[in-house]
Visitor: 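One structure coming up, written as structure tokens, with questions to follow.
We use all heavy atoms of the structure for the numbers below, so side chains are in, but hydrogens, waters and symmetry mates are not. Because the structure is a prediction, the values reported are computed rather than measured. Just so we're on the same page: letters track the sequence lines, and every chain starts at 1.
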2 protein chains.
Amino acid sequence: METSFYSPAEGTPEEQTEGDRVHGSLTAAVRELCLAQLQSRVDLDELEEITADIQRLTERLNRKIKPGAFGTEVGADERIRNFGNSVVGLRNPFAAMRDDAKIVWNDNGASARFHLNALYEGPPGLVHGGVSALILDQLLGEAAAAGGGAGMTGRLTLHYRRPTPLGDLSMEAWVESRAGIKTIVKGHIKDSDGNVTVEAEGLFIMPKWARELIAEEEARKKRPNFE
Amino acid sequence: METSFYSPAEGTPEEQTEGDRVHGSLTAAVRELCLAQLQSRVDLDELEEITADIQRLTERLNRKIKPGAFGTEVGADERIRNFGNSVVGLRNPFAAMRDDAKIVWNDNGASARFHLNALYEGPPGLVHGGVSALILDQLLGEAAAAGGGAGMTGRLTLHYRRPTPLGDLSMEAWVESRAGIKTIVKGHIKDSDGNVTVEAEGLFIMPKWARELIAEEEARKKRPNFE
């Protein structure tokens, strides 16, 4: 498994832009396929044909792959490309925070307006409680970073105040306090009527193992290359 | 959006079994496609052809759909069919707890052995902290139900003790205490060396709105049908 924090993305800036466009379209198409196959009521015979077609496309994609973890790349523009990320990844069909729903940073936090469809369902008609936790973890982590206290989740507490309906939602998070490597962030999800449905509090810290990994990587990059 | 807790599944028991087989295979194929498109390094021209093929398959699936929430069905065998569920749904490609990874109930809790691939990544090589929260919410909820205290998540607290690597993992949860409609459940995720990586504590309650919805539904079902 890949454990390095930084791996440079391949290609020129122009190649990266073009690759992102093509991969982004592919993933968006797969995301729509995921919903269609959940909601579809077409005949079983046709579903079996479609299944076989999908298997053939998977074989084509698998002819050349990078196996294992996707990792986080750094682009030619020095921007972080966490394209495999489960919540925000350009190349992850599961990512709910994409396109119009992207998380936006401000001086002391982050927010997002988004839509969750049936793929994010738990109880009938409602967002899965764990999905609320998933997207709040990402939002609070980004809020910590936006407020200057980037880190990994150390503790996350969620209070479920009322059901979160599938559909149009919003969420926001803000840095509540900072002390050394620890940042406390609070946030919530609101339904389309503006009611708070889930409240969250997170403690974000840069743990020792992560600081060591980053230091090791920095040292490696600074080492003269005689090869 | 569908808010009823119970909707009977269509078809005879045999038709349901056959439908589950076909839909389950379709979703499994889509799940493999999701990973393949993330890891694929085939040429951009071919990716664009594959994207167009996927869009055509989506169109075919969308010719006949049940829009909106998927809901929870009750089968001819009276078993709950939460097939849209984000963590365990037979028809949800995002569901991590499927096939060999299914959550198993015991007298006072639940457990699972599973494998998380790059689709569940957050930091490089590691499981997304929010994904750990997502799957633990489902596990703890099932543990509450297994222990006789079924409910919705009221509060969920996660302590991240060490990084959770992608790959083979296990988790378990148990009912710690019950009082009236409230059940406290504890649990954790372990890495393949048996180290606890994330600890969770959940409060599960059957909230008033859910009790009312269920009562309403029960009353509706008992009402004589003169139509």
Visitor: Ion pair present between B:Arg41 and A:Glu10, side-chain N to carboxylate O less than 4.0 angstrom?
Guide: yes
Visitor: First locate atom OH of B:Tyr160, then atom CG of A:Leu203, and finally report the distance between them rounded to the nearest 0.5 Å.
Guide: 11.5 Å
Visitor: Where on A:Glu49 is there a heavy atom nearer than 4.5 Å to chain B: the side chain, the backbone, both, or neither?
Guide: side chain
Visitor: How far does NZ of A:Lys64 sit from CD of B:Gln39, to the nearest 0.5 angstrom?
Guide: 14.5 Å
Visitor: Output the distance between atom NE2 (A:His159) and atom OG1 (B:Thr153), rounded to the nearest 0.5 Å.
Guide: 12.5 Å
Visitor: Select one option (side chain, backbone, both, neither) describing which atoms of A:Arg21 are under 4.5 Å from chain B's heavy atoms.
Guide: side chain
Visitor: How far does CD of B:Glu59 sit from CG of A:Leu33, to the nearest 0.5 angstrom?
Guide: 11.5 Å
Visitor: Mark yes or no for whether B:Glu121, through its side chain, and A:Phe70, through its backbone, hold a donor-acceptor pair below 3.5 Å.
Guide: yes
Visitor: So which residue, A:Val30, A:Ile50, A:Val42, A:Leu35, ends up with the most heavy-atom pairs under 4.5 Å with chain B?
Guide: A:Ile50
Visitor: If every non-hydrogen atom of A:Leu134 is compared with every non-hydrogen atom of B:Gly130, which pair is closest and at what distance?
Guide: CD1-C, 3.4 Å
Visitor: Taking all non-hydrogen atoms of both residues into account, name the closest pair between B:Gly84 and A:Leu38 and its distance.
Guide: CA-CD1, 3.9 Å
Visitor: Just so I understand: if I count every heavy-atom pair under 4.5 Å between each of B:Ala52, B:Ala36, B:Gly89 and chain A, which residue has the most?
Guide: B:Ala36
Visitor: If you count heavy-atom pairs under 4.5 Å with chain A, which of B:Gly122, B:Ala200, B:Gly129 comes out on top?
Guide: B:Gly129
Visitor: Name the residue from B:Leu57, B:Leu61, B:Thr58 that meets the side-chain contact (heavy atoms from CB on, under 4.5 Å) definition with A:Glu32.
Guide: B:Thr58
Visitor: Relative to chain B, which segment of A:Asn85 carries a heavy atom at a distance below 4.5 Å: side chain, backbone, both, or neither?
Guide: both
Visitor: Specify the closest pair of heavy atoms between A:Gln37 and B:His23, including all atoms of both residues, with the distance to one decimal.
Guide: O-ND1, 4.4 Å
Visitor: Do you know which of B:Arg155, B:Gln138, B:Glu199, B:His128 has the most heavy-atom pairs under 4.5 Å to chain A?
Guide: B:His128
Visitor: Nearest 0.5 Å, please: how far is CG in B:Asp137 from OG in A:Ser132?
Guide: 8.5 Å
Visitor: How many angstroms lie between CD in A:Glu201 and OG1 in B:Thr157, if you round to the nearest 0.5 Å?
Guide: 10.0 Å
Visitor: Which atoms form the tightest heavy-atom contact between B:Thr51 and A:Ala29, and what is the distance?
Guide: CG2-CB, 3.9 Å
Visitor: Are any side-chain N or O atoms of B:Ser86 and backbone N or O atoms of A:Leu119, one a donor and one an acceptor, separated by less than 3.5 Å?
Guide: yes
Visitor: Search all heavy atoms of B:Ala118 against all heavy atoms of A:Ala69 and return the closest pair with its distance.
Guide: CB-CA, 4.1 Å
Visitor: Side-chain contact, heavy-atom cut-off 4.5 Å: B:Cys34 with A:Cys34?
Guide: yes
Visitor: Does the distance from a Lys or Arg side-chain N to an Asp or Glu carboxylate O, for B:Arg60 and A:Asp53, drop under 4.0 Å?
Guide: yes
